[in-house]
Every structure is written in C-alpha cells, then in structure tokens.
S.K.: 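I am attaching a structure below and will ask some questions about it afterwards.
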Amino acid sequence: MRLSDAERQDALDALEEHVRTGRLDLDEFGTRSAKVSAARMASDLEPLFTDLPSPRPSALLPLPPMPGVAQASAKNEAQPSKWLTASAVPIAAAVAIALFFFTRGTFIVFLLPLAVALIMSRRR
C-alpha cells in the first residue's frame, strides 16, 4: 500500500520518540529518517522498525477488522448454501407439478412452492 504524507510523518514521529528514549543515536536517526522520507510503500518502512519496539508507525500496525465484515461472515455461515437458496423454489415447483399428476388433480400441492419461498426468505 502506498504511503501518504501523514503516514510518513507518523513514522518520523516514531523515530523521534526512539531518539528521545535513547534507542537511536542522531546518526542512525538521520539515516533512517532519510529512508522514511523516500519511502513510497508501507513495506519500505518495515526494515527501518524491525529492531525497534513500540511506538511503531500506524502504517505498520495490523488493520482492525472492518465493522461489518465479522457480522457478514457470521451471516454467511448461518445461511444455507447459495445453490440451495437459488434452486429451492424451482425444485419445489417441479415437485408440486409431479404431485399434482400423482394425486390426480389436487390443486393444494401448488402451495408447496409458495411455502418453500416463504421459508427461504425467512432464512435470509
């Protein structure tokens, strides 16, 4: 992912904190800050912070899960397979037609596809 100016500044701030705490000397800070300023991708920052503890630039921190993603995956697990959902009503219609002929004209069997459609819509 490409870095923004704010992310580069965040990385420079993190390096400054490491200088203040004595983890980096001024020469090393100068070298690393020049590389941060020239960095274009988040992966360019990784080698500059591998030997340093927190604070780390936000570009190197793992992204938090998006709010709707965990809920959406839970919904997908609870739903029946797409094939079953897409084919349940046509299968019920075919079964209703077969039952109509086998039961010698009982029209109530045509409520079967309607019932299946209602059940499948509730499951979604």
Side-chain angles (χ1 to χ4, degrees):
M1 190 165 69
R2 291 185 70 88
L3 292 172
S4 68
D5 290 337
E7 290 169 326
R8 279 188 208 88
Q9 185 59 48
D10 183 41
L12 288 172
D13 293 343
L15 284 176
E16 288 173 5
E17 179 62 29
H18 290 300
V19 170
R20 276 193 291 274
T21 58
R23 290 188 188 98
L24 293 177
D25 61 16
L26 289 178
D27 290 335
E28 196 170 12
F29 171 75
T31 303
R32 290 186 190 210
S33 62
K35 290 179 181 179
V36 166
S37 297
R40 291 181 183 241
M41 309 292 279
S43 60
D44 297 338
L45 296 178
E46 188 67 39
L48 303 175
F49 288 90
T50 55
D51 61 336
L52 296 172
S54 252
R56 296 178 64 82
S58 60
L60 296 180
L61 298 177
L63 295 174
M66 293 175 27
V69 172
Q71 295 168 354
S73 65
K75 280 184 184 178
N76 288 342
E77 290 173 5
Q79 283 185 347
S81 69
K82 288 183 180 183
W83 178 85
L84 177 63
T85 304
S87 61
V89 174
I91 290 172
V95 169
I97 291 170
L99 286 175
F100 175 75
F101 288 113
F102 288 125
T103 59
R104 295 189 176 99
T106 306
F107 286 98
I108 199 154
V109 295
F110 288 110
L111 294 177
L112 180 65
L114 179 63
V116 169
L118 288 172
I119 292 169
M120 295 309 285
S121 68
R122 295 252 181 203
R123 294 185 96 182
R124 286 187 210 169

S.K.: Do any side-chain atoms of residues 39-46 form donor-acceptor pairs under 3.5 angstrom with protein atoms, and if so which ones, sequence neighbours left out?
M.R.:
unit_1, atom_1, unit_2, atom_2, d
Asp44, OD2, Arg40, N, 3.1
Asp44, OD2, Met41, N, 3.1
Glu46, OE2, Arg56, NH2, 3.4

S.K.: Under 3.5 Å, is there a donor on one side chain and an acceptor on the other for Gln9 and Asp5?
M.R.: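 Side chains of Gln9 and Asp5: no pair found under 3.5 Å.
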S.K.: Going through the checks in order, is the side-chain contact (heavy atoms from CB on, under 4.5 Å) test met by Glu17 and Thr21?
M.R.: CA-CA 6 Å; Glu17 179 62 29; Thr21 58; 3.5 Å; yes
S.K.: Kindly write out the residues that satisfy salt bridge (Lys or Arg N to Asp or Glu O under 4.0 Å) with Arg32, not counting sequence neighbours, or none if the list is empty.
M.R.: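 By the salt bridge (Lys or Arg N to Asp or Glu O under 4.0 Å) rule, Arg32 matches Glu28, Asp51.
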S.K.: Count I, L, V, M, F, W, Y as connected when their side-chain heavy atoms are under 4.5 Å apart, and connections chain through other members. Are Val36 and Leu61 then in the same cluster?
M.R.: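 The answer is no; the residues belong to distinct hydrophobic clusters.
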S.K.: Could you pull out the closest heavy-atom pair between Phe49 and Ala11, with the gap in Å?
M.R.: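 Smallest interatomic distance, heavy atoms only, reads CZ-O, 3.5 Å.
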S.K.: Among residues at least two apart in sequence or on other chains, which ones pass salt bridge (Lys or Arg N to Asp or Glu O under 4.0 Å) with Asp27?
M.R.: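 With sequence neighbours excluded, Asp27 shows a salt bridge (Lys or Arg N to Asp or Glu O under 4.0 Å) to no residue whatsoever.
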S.K.: Is there a side-chain contact between His18 and Pro53 (heavy atoms, below 4.5 Å)?
M.R.: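 Touching, per the 4.5 Å side-chain cut-off.
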S.K.: Can you name the nearest heavy-atom pair linking Ser37 to Leu12, along with the distance?
M.R.: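 Taking Ser37 first and Leu12 second, the nearest heavy atoms are OG-CD1, 4.3 Å.
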